[in-house]
Amino acid sequence: MSTPIHPMFDPANLTDQEAARLKNLESLIAAGIEPYPARARRTHTIAAARALYQEAGDAAPEVSVTGRLRRIRIMGKMSFADLEDGTGAIQLVLRRDSLPGDFYDNIWKRLIDLGDFVGATGKLAVTKTGELSVEVREMQFLAKTLKPMPDKWHGVRDQEKRYRRRYVDLLANPPVRDIFRTRAAIVRALREYLDGEGFLEVETPILQPLYGGAAARPFITHHNQLHQDLYLRISFELYLKRLIAGGYDRVYEIGRDFRNEGVSFKHNPEFTQLEFYEAYADYHAIMRRTEEMVAYVAQQVTGGLTLTWQGRTIDLTPPWRRIPLRQAILDATGIDYESYPDAEALAAEMRRRGHEPDPRSTWGKLVDSLMAKYVEPNLIQPTFLIDYPRDVSPLAKGSPDDPRQVERFEGFMVGMEVCNAFSEINDPIDQLQRFIDESYRARHGDDEAHPIDEDYIEALSYGMPPTGGFGMGIDRLTMIFTNTDTIREVILFPHLRTVKDEAENDADESEDAPAAQ
RNA sequence: GGGUUCCUAGCUCAAUUGGCAGAGCAGCGGCCUUUUAAGCCGCGGGUUCUGGGUUCGAGUCCCAGGGAACUCACCA
């Protein structure tokens with residue numbers, strides 16, 4: 001071939017299979033065939049062609065279908081092939097004598113590779129063995145593939161390869177494509193539900209001068225022109241409540257949050273969240289709405305209210321179980337945290353019972369850790385834990401009858417927290433006091449504590465009605481609906497470390513290329 | 001960040017006690033006009049993740065590094 005433009009296409013770096021495909025590309029050009037034409041002739045998607053034959057049978061007119069060649073079976077002067085587009089697959093039948101000129105012998109058999117994109121024109125017909133096929137009269141070349149396809153039967157198994165090169169995963173492993181169709185259906189159903197209930201979909205800043213709304217460390221970025229550090233949002237909460245103060249009674253946002261924390265089977269540094277805020281609703285009303293909304297999604301996505309996750313049947317039928325957090329921890333550990341009203345006493349009791357509490361934890365964090373460790377993993381069926389300690393809930397309104405508690409719940413399924421909600425603080429003085437408490441914690445080493453957001457207090461000072469707020473992880477909800485046990489399966493491009501040695505060398509070399517500015 | 005396990009051909013996987021690196025698919029050449037992971041005959045294909053070390057000999061054992069999975073801690 002001619003001089004390579006980049007090491008990627010240097011023959012010295014190609015495998016024999018890549019070199020063979022590159023040679024076929026050149027031969028196609030030499031034969032006068034454009035390997036990457038701008039337009040494809042298509043009269044029907046493959047699904048539409050199947051539907052057409054279903055209706056019209058052998059009387060159906062000729063169709064032109066397009067797609068990727070997934071399997072090729074050459075039987076001599078006749079071949080079968082499986083063509084796949086985004087709607088499905090169909091068999092092609094090619095006969096040497098039914099195709100123009102020497103196309104069959106010299107183009108089809110020699111220059112077209114597995115994985116190439118082609119268009120096929122011909123009559124629909126059922127073969128002897130009952131397979132609906134296109135009897136190809138003419139074939140249009142649509143796109144050359146320079147890499148060999150993964151194993152046609154096993155696909156790609158290596159998880160690292162699947163996540164780093166998701167396109168290979170998707171093209172080689174059809175069930176993976178279904179996961180992201182389901183994910184899209186879930187998001188669509190959530191919007192349908194909320195829109196139908198009079199919620200306004202809004203978009204609030206991702207780049208924020210202050211962060212807040214959750215206990216998490218943020219990513220920090222910088223605006224050059226303004227000489228200003230900015231945070232990538234860790235939640236939408238404080239902006240959405242400003243909108244409630246502004247007069248919208250029901251708002252929601254579906255978007256990306258960024259948290260500078262560890263990664264795990266249920267944590268990705270960026271993840272998709274739904275938050276909604278509803279004026280004149282308290283946390284009991286939000287619980288009812290949560291059940292209704294998730295049930296609606298299930299109905300739309302699966303057609304029912306039960307689903308199977310890792311061999312267990314999950315029943316989403318409302319109402320879900322409601323258990324006070326205090327009771328749930330008492331049942332799971334024998335510890336009634338109300339009897340140990342400060343961090344020292346609670347930590348001592350935990351140690352006495354063989355637990356190993358983090359000595360730096362506040363009382364609320366100890367309670368939360370008991371929940372996360374001994375309660376959460378066992379909450380398989382949809383369950384609300386209700387009434388949380390005040391000092392882990394700096395934005396939740398206090399319970400009228402217990403100053404140590406707030407009107408908050410978290411929803412759990414399959415042993416994972418999926419949502420978090422509360423009656424929102426709308427007393428600006430109360431909220432400011434909570435922020436001050438948080439900033440005290442921040443100064444004493446809690447790097448997840450809230451900074452004081454004075455503009456938010458300002459907004460509350462103009463008046464916000466009693467409001468219920470809600471947040472739900474869309475990734476985790478998708479895990480439950482797609483029967484997957486790691487968040488990476490439901491994120492198209494999950495975060496992975498960059499590969500160092502070779503990748504860096506390649507990057508260095510590519511900088512030698514002329515990049516005229 | 002800690003612990004455990006893994007990384008072999010384009011893909012999926014083998015390789016006994018440390019003893020000639022293999023198979024299927026894919027590729028290349030050939031046969032084949034009803035296949036469904038087509039079949040048959042033949043051929044080529046390896047930095048065994050990287051770098052050291054032990055050894056007559058290392059895919060295998062040791063050390064360091066890279067990446068991944070699981071798990072613990074923290075988070076949603």
Side-chain angles (χ1 to χ4, degrees), chain A residues 14-21 23-24 70-82 89 91-98 104 109-110 113-115 125-133 135 145-164 168 172-173 213-217 234-235 257-273 356-358 360-361 365 368-369 372-373 376 392 410-412 416-420 446-448 471-477 485-488 494 496-505:
Chain A
L14 297 182
T15 66
D16 57 339
Q17 304 204 38
E18 291 165 346
R21 283 162 181 268
K23 187 165 144 284
N24 286 346
R70 298 307 303 261
R71 281 173 291 276
I72 296 175
R73 300 178 286 282
I74 296 179
M75 322 283 299
K77 299 183 188 63
M78 169 185 201
S79 300
F80 298 92
D82 298 333
Q91 178 169 268
L92 306 181
V93 178
L94 294 90
R95 291 187 178 80
R96 185 181 66 176
D97 302 333
S98 304
Y104 186 88
K109 282 172 71 173
R110 297 194 182 281
D113 292 307
L114 220 42
V126 172
T127 63
K128 275 183 193 167
T129 50
E131 185 76 26
L132 178 63
S133 308
E135 304 263 8
T145 306
L146 296 179
K147 292 280 186 182
M149 293 292 104
D151 192 284
K152 64 185 171 187
W153 187 244
H154 300 98
V156 180
R157 291 272 173 80
D158 181 55
Q159 299 221 32
E160 181 174 358
K161 199 163 296 170
R162 290 184 48 226
Y163 297 150
R164 283 194 194 280
V168 178
N173 303 326
R217 281 173 291 173
I234 59 171
S235 83
D257 275 340
F258 307 85
R259 296 188 185 175
N260 209 337
E261 309 277 0
V263 299
S264 79
F265 75 96
K266 53 181 178 174
H267 297 90
N268 195 62
E270 54 181 294
F271 64 102
T272 300
Q273 175 117 279
E356 291 171 17
D358 182 339
R360 294 163 303 171
S361 287
K365 289 208 166 190
D368 193 62
S369 71
K373 192 162 185 186
E376 180 173 6
V392 284
E410 292 187 306
F412 298 84
M416 271 193 310
E417 179 191 340
V418 295
C419 62
N420 178 23
D446 183 350
D447 50 11
E448 292 171 349
M472 180 166 69
I474 302 296
D475 313 280
R476 292 183 181 177
L477 187 69
D485 59 3
T486 161
I487 199 166
R488 293 182 168 191
L496 298 176
R497 266 175 234 270
T498 49
V499 181
K500 283 201 177 130
D501 50 359
E502 288 177 8
E504 272 180 358
N505 294 340

A:Met78 or A:Arg110, whichever maps to the more 5' nucleotide of RNA chain B: A:Arg110

Now, which nucleotide makes the Watson-Crick or G-U wobble pair with B:rC43, with each of the two distances under 3.5 Å? B:rG27

Spell out, as yes or no, whether a donor-acceptor pair under 3.5 Å connects the side chain of A:Asn173 to the backbone of A:Val156. yes

Do any side-chain nitrogens or oxygens of A:Lys152 fall under 4.0 Å of OP1 or OP2 in B:rA26? yes

Donor-acceptor pair, distance only, cut-off 3.5 Å: does the side chain of A:Asp475 make one with the backbone of A:Thr272? yes

Tell me what A:Gln91 touches on the nucleic acid: a base, only sugar-phosphate, or nothing, going by heavy atoms under 4.0 Å. base

Answer yes or no for this row: A:Phe271 ring on B:rA76 base, centroids under 5.5 Å, planes under 30°. yes

Looking at every strand, decide which applies to A:Lys77 at a 4.0 Å heavy-atom threshold: base, sugar-phosphate, or nothing. base

When we call it a touch if two heavy atoms are under 4.0 Å apart, what does A:Thr15 touch: a base, just sugar-phosphate, or nothing? sugar-phosphate

Would you say a side-chain N or O of A:Arg164 is under 4.0 Å from OP1 or OP2 of B:rA68? yes

Identified pairing partner of B:rU54, criterion: Watson-Crick or G-U wobble below 3.5 Å: none

Can a donor-acceptor pair be found, under 3.5 Å and without considering hydrogens, that links the side chain of A:Arg73 to the backbone of A:Phe80? no

Without decimals, in angstroms, what is the distance between A:Lys147 NZ and B:rG27 C1'? 15 Å

Measure CD1/A:Ile487 against P/B:rC70 and give the value in whole Å, please. 12 Å

Scan A:Arg96 against the nucleic acid and name what it touches under 4.0 Å (heavy atoms): base, sugar-phosphate only, or nothing. nothing

Between atom CD in A:Gln159 and atom P in B:rC70, what is the gap in whole Å? 6 Å

Counting distance alone, no hydrogens or angles: does the base of B:rG27 have a donor or acceptor under 3.5 Å from a partner atom on the side chain of A:Gln17? no

Without decimals, in angstroms, what is the distance between A:Arg162 CZ and B:rA69 C1'? 12 Å

Should B:rU16 form a Watson-Crick or G-U wobble pair with both distances under 3.5 Å, which nucleotide is its partner? none

5′-ward residue of the pair A:Lys161/A:Gln273 relative to RNA chain B: A:Lys161

Does a nitrogen or oxygen in the side chain of A:Arg73 sit under 4.0 Å from OP1 or OP2 of B:rU35? no

Would you give the length of the straight line joining atom CD of A:Gln273 to atom CZ of A:Phe258, rounded to the nearest 0.5 angstrom? 12.0 Å

Flag, side chain of A:Thr145 to backbone of A:Gly115, donor-acceptor distance under 3.5 Å: yes

What about A:Asp16, does its side chain sit under 3.5 Å from the base of B:rG27 through a donor-acceptor pair? no

Would you indicate what A:Asn420 reaches in the nucleic acid, counting non-hydrogen atoms under 4.0 angstrom: base, sugar-phosphate, or nothing? nothing

In whole angstrom, give the distance that lies between atom CZ of A:Arg157 and atom P of B:rG24. 19 Å

Which of the following nucleotides, B:rC32, B:rU35, B:rC74, is nearest to the side chain of A:Ile74? B:rC32

I want to verify a distance call: between B:rA26, B:rA38, B:rU12, whose nearest atom is closest to the A:His154 side chain? B:rU12

Which part of the nucleic acid, if any, lies within contact of A:Lys23, taking any heavy atom under 4.0 Å across all strands shown: a base, the sugar-phosphate backbone alone, or nothing? nothing

Paired to B:rU48 by Watson-Crick or G-U wobble criteria (both distances under 3.5 Å) is none

Between C1' of B:rG1 and CD of A:Glu261, the distance in whole Å: 14 Å

Could you tell me whether the side chain of A:Gln91 and the main chain of A:Leu132 form a donor-acceptor pair under 3.5 Å? no

How long is the line joining CE of A:Met149 and P of B:rU12, in whole Å? 14 Å

With distance as the sole test, does A:Glu376 use its side chain to make a donor-acceptor pair with the main-chain N or O of A:Glu417 at under 3.5 Å? yes

Partner nucleotide of B:rG1 by Watson-Crick or wobble geometry (both distances under 3.5 Å): B:rC72

Presence of donor-acceptor pair under 3.5 Å, side chain of A:Ser79 and base of B:rU35: no

Quick check for you: among B:rG10, B:rC32, B:rG24, whose closest atom lies nearest to any side-chain atom of A:Asp151? B:rG24

Hey, does the side-chain of A:Glu417 have a donor or acceptor N/O within less than 3.5 Å of a partner on the base of B:rA76? no

